[in-house]
Amino acid sequence: MAFAPDGRLWELEHGPKGGDELNLIEPGKNYGWPLVSYATNYNGVPIPSPDTRSDLTKPVIYWTPVIAPGNLVFYNGSMFSQWKGSALAGGLASMSITRIVFDGKGGAKPAERWDVGHRVRDIEVAPDGALWMLEDSRTGGVFRVTPK
């Protein structure tokens, strides 16, 4: 979970076999799991689509195939100034970083995705605006990401 610069709370979650989600968290809303998902159970049993339940809140974004999210962080640095207000999501299975942009009205969409060749457990913004990327592996690794 992470707070956007406008104070809204966003949550990134693993789906079952498919259907990783980005949700805007609002009081009193039910986000559906395990009643609905844009995915199937690991045992192959289908899960009803969120489109079948108007009483449940649909995800703002969902990924199938999955990214297997590591974390979500909002970028507020100066090194990548064009990303201010965007969020970055680490991907474990996808071995990627996904940049997400927001419309200020509760909507969002993936903007860019970079394959980095590492299971990305965590991304943080360094004081100078660079990114710190934490690799999820047996030997692990911490990478400093800067513009070319």
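Basis for what follows: all heavy atoms, side chains included, without hydrogens, waters or symmetry-related copies. Keep in mind that this is a model prediction, so the values were computed, not measured.
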Qualifying residues under side-chain hydrogen bond (donor to acceptor under 3.5 Å, both in side chains), relative to [X], sequence neighbours excluded:
X: Tyr62; value: none
X: Asp6; value: Arg8
X: Asp115; value: none
X: Asp103; value: none

Any pair counted as salt bridge (charged side-chain N to carboxylate O under 4.0 Å, His left out), so long as it reaches [range], sequence neighbours left out:
range: residues 27-54; value: Glu26-Lys29, Asp51-Lys58, Arg53-Asp55
range: residues 10-22; value: none
range: residues 62-71; value: none
range: residues 116-133; value: Arg119-Asp136, Arg121-Asp136, Asp128-Arg144

Query - ring pair (Phe, Tyr, Trp, His ring centres under 6.0 Å): pairs with one or both residues in residues 126-148, sequence neighbours excluded - result: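 Sorted pair list: His118-Phe143.
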Query raised in the report: Closest approach of Thr64 and Gly19, non-hydrogen atoms and distance?
Result: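 That would be OG1-N, 2.8 Å.
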**Report entry** Ala130 to Phe80 - nearest heavy-atom pair and separation
**Finding:**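 Distance-wise, the nearest heavy atoms are CA-CE1, 4.5 Å.
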Once you round to the nearest 0.5 Å, how far does [atom1] of [X] lie from [atom2] of [Y]?
X: Ile123; Y: Ile97; atom1: CD1; atom2: CD1; value: 4.0 Å
X: Ser49; Y: Leu56; atom1: OG; atom2: CG; value: 10.5 Å
X: Tyr75; Y: Ser81; atom1: OH; atom2: OG; value: 7.5 Å

Cluster question for you: counting only ILVMFWY and a side-chain heavy-atom cut-off of under 4.5 Å, with indirect links fine, are [X] and [Y] together?
X: Leu134; Y: Leu131; answer: no
X: Met79; Y: Val145; answer: yes
X: Val73; Y: Met133; answer: yes

Query - Criterion side chain to side chain contact (heavy atoms under 4.5 Å, CB included) on Leu9 and Met1, from CA distance to verdict - result: CA-CA 7 Å; Leu9 180 60; Met1 297 179 114; 3.8 Å; yes
Requested in this report: Please write out which residues are connected to Ile67 in a hydrophobic cluster, directly or through intermediates, given that two of Ile, Leu, Val, Met, Phe, Trp, Tyr count as joined at side-chain heavy-atom separations below 4.5 angstrom.
Outcome: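 Its cluster mates, by chain and number, are Trp10, Leu12, Leu22, Leu24, Val60, Ile61, Trp63, Leu72, Phe74, Ile100, Phe102.
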Side-chain donor-acceptor distances from residues 84-93 under 3.5 Å, at least two apart:
from	atom 1	to	atom 2	distance (Å)
Lys84	NZ	Asn76	O	3.4
Lys84	NZ	Gly77	O	3.4
Ser86	OG	Trp83	O	3.1
Ser86	OG	Arg99	NH1	2.8

**Report entry** Verdict with reasoning, Asn23 to Thr57, per side chain to side chain contact (heavy atoms under 4.5 Å, CB included)
**Finding:** CA-CA 9 Å; Asn23 293 295; Thr57 302; 5.7 Å; no
Exercise answer: donor-acceptor pairs, residues 39-48 side-chain atoms, under 3.5 Å, sequence neighbours excluded:
from	atom 1	to	atom 2	distance (Å)
Asn41	ND2	Val45	O	3.2
Tyr42	OH	Pro16	O	3.4
Asn43	OD1	Val45	N	3.0

